[in-house]
Amino acid sequence: MNNFLIESNCPVINNKSPGNCLYAYIMETIDLGIVILGVKEKEIVFKNKFASDLFQDNDDNLGYRALLTLLLSEDGKVPPNEIIGKAYTLWYKNRLLGYTPYMISNRFIWVIIRDITERSRLESIAEAVNSMENISYIFSGIRHELGNPINSIKMTLSVLKKNLNNYSTNAVEKFVDRAMTEISRVEFLLQALKSFSIFENPNIQNIILEEFLISFISLVSSDLSQSGIKISKLIVPPVEKISADQRLLHQVMLNLITNASDALKNCENPNIFIRAEKKDGFVAVTVEDNGCGMSEEEQTNLFKPFYTTKTQGTGLGLMITLKMVTLMKGHMEIKSLKDVGTKATVFIPEGKKNE
Ligand SMILES: Nc1ncnc2c1ncn2[C@@H]1O[C@H](COP(=O)(O)OP(=O)(O)OP(=O)(O)O)[C@@H](O)[C@H]1O
Ligand SMILES: [Mg+2]
């Protein structure tokens, strides 16, 4: 294979005038896979570093026929013209690859390959979240998320089973580690999903906000006081009843309080203040903290799934909170100032007068 090696006297690397190795340098550093297959000689003419890393590890090294079969034609024959220039996707070793093959004369096929795993994962979940009215979107995203690691565990274990007698202890350990990594992914997802079951059939009723907040605060106050956090509340008259689902509201408040309490770690005089007042036909319930706050840029990511700055966070808390508030026909907003604090407000419909 004709690999474009980067020479140590490369003028680009040495900051002199660009020469031929400029192209080689780009080829080797770009985060796009490029593979050129020689159709006549049945050989891989070129494979850049990104493609080599994708299609090769210690266990296997894909040759011409294997690559052709994987990317272009199931029978390993040169593909017909109609597949050239079109975009395809492929799951390979846990990565979702997007790729397009091109033909150069009838001697070479070159394939350009992108790793779109992350993009597709976020897009599919973001799409689910945007379609608030259709919860099944969320579940299809989750099926997809769970399906991948489980498939990969299955494959890893079946290879291991077949080779149990001829693999060295080191090789076995490698396979077991691979399966364990995938199991951690599943665990992470299950943890993220624990709040989803309460989405079924919200039970919207009149709730007396003062009573709800008194009992809610009594539940969270001992945890908060252990972290030295003071919590207080103010209900501005004439706020009285709201129209909400008790369990959803509890979860919403819990998510907001947990975020506030996380933001208050290592802060002086940590305080959480809950304030409820009427606003535009809603009752606005604000959870305010004097914690670390967020920059404007950080705030743009808040409702994106899996966005987290915490080592133990799932990054689904606010997304789920927003979903629950929407199910109660409300909305929410978050305002924050870096190093000053954060105000998270949920707008819940007022209670019905005659109930
Ligand atoms: N009150 C707050 N003060 C400062 N930053 C906050 C606050 N609330 C949320 N954030 C930021 O928004 C991010 C996303 O919050 P979110 O609740 O969605 O996920 P998380 O708290 O990281 O994880 P979890 O899914 O366990 O709730 C947090 O990681 C944090 O960076
Ligand atoms: Mg959270």
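Since we're looking at a predicted model, the values are computed, not measured. First listed ligand is number 1; within each ligand, the first listed atom is number 1.
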Give me the atom names and distance for the closest heavy-atom approach of D115 to L96. OD1-O, 3.4 Å

Check against side chain to side chain contact (heavy atoms under 4.5 Å, CB included), K230 and N269: CA-CA 8 Å; K230 279 198 207 123; N269 191 21; 4.3 Å; yes

Below 30° counts as parallel, above 60° as perpendicular, anything between as tilted: where do the rings of F347 and F282 land? perpendicular

Which of the atoms in ligand 1, numbered in the order shown and given with their element, are less than 4.0 Å from a heavy-atom of L302? 11 (C), 12 (O)

Option of least heavy-atom distance to atom 31 (O) of ligand 1 (set: T309, T308, T321, L322): T309

How does T342 reach ligand 1, if at all, at less than 4.0 Å between non-hydrogen atoms: by side chain, backbone, both, or neither? side chain

Would you say L318 and ligand 1 have an N/O pair spaced under 3.5 Å apart? yes

Could you tell me whether the Mg ion (ligand 2) has an N, O or S atom of T258 under 2.8 Å away? no

G293 N/O under 3.5 Å from ligand 1 N/O: no

For residues L90 and F50: do they belong to one hydrophobic cluster (side chain heavy atoms under 4.5 Å, members Ile, Leu, Val, Met, Phe, Trp, Tyr)? yes

Identify, by atom number and element, the atoms of ligand 1 in contact range of A263, meaning under 4.0 Å from any of its heavy atoms. 2 (C), 3 (N), 4 (C)

Those atoms of ligand 1 less than 4.0 Å from some heavy atom in M294: 4 (C), 5 (N), 6 (C), 7 (C), 10 (N), 11 (C)

Option among L37, I84, L67 that satisfies the side chain to side chain contact (heavy atoms under 4.5 Å, CB included) test with L72: L37

Step-by-step side chain to side chain contact (heavy atoms under 4.5 Å, CB included) determination, V283 to E277: CA-CA 6 Å; V283 173; E277 65 189 320; over 6 Å; no

With respect to D262, determine whether any N or O atom, backbone or side chain, lies less than 3.5 Å from an N or O atom of ligand 1. no

Could you see which bit of D289 sits under 4.0 Å from ligand 1, with heavy atoms only: side chain, backbone, both or neither? side chain

What about the rings of F175 and Y167, do their centers lie closer together than 6.0 Å? yes

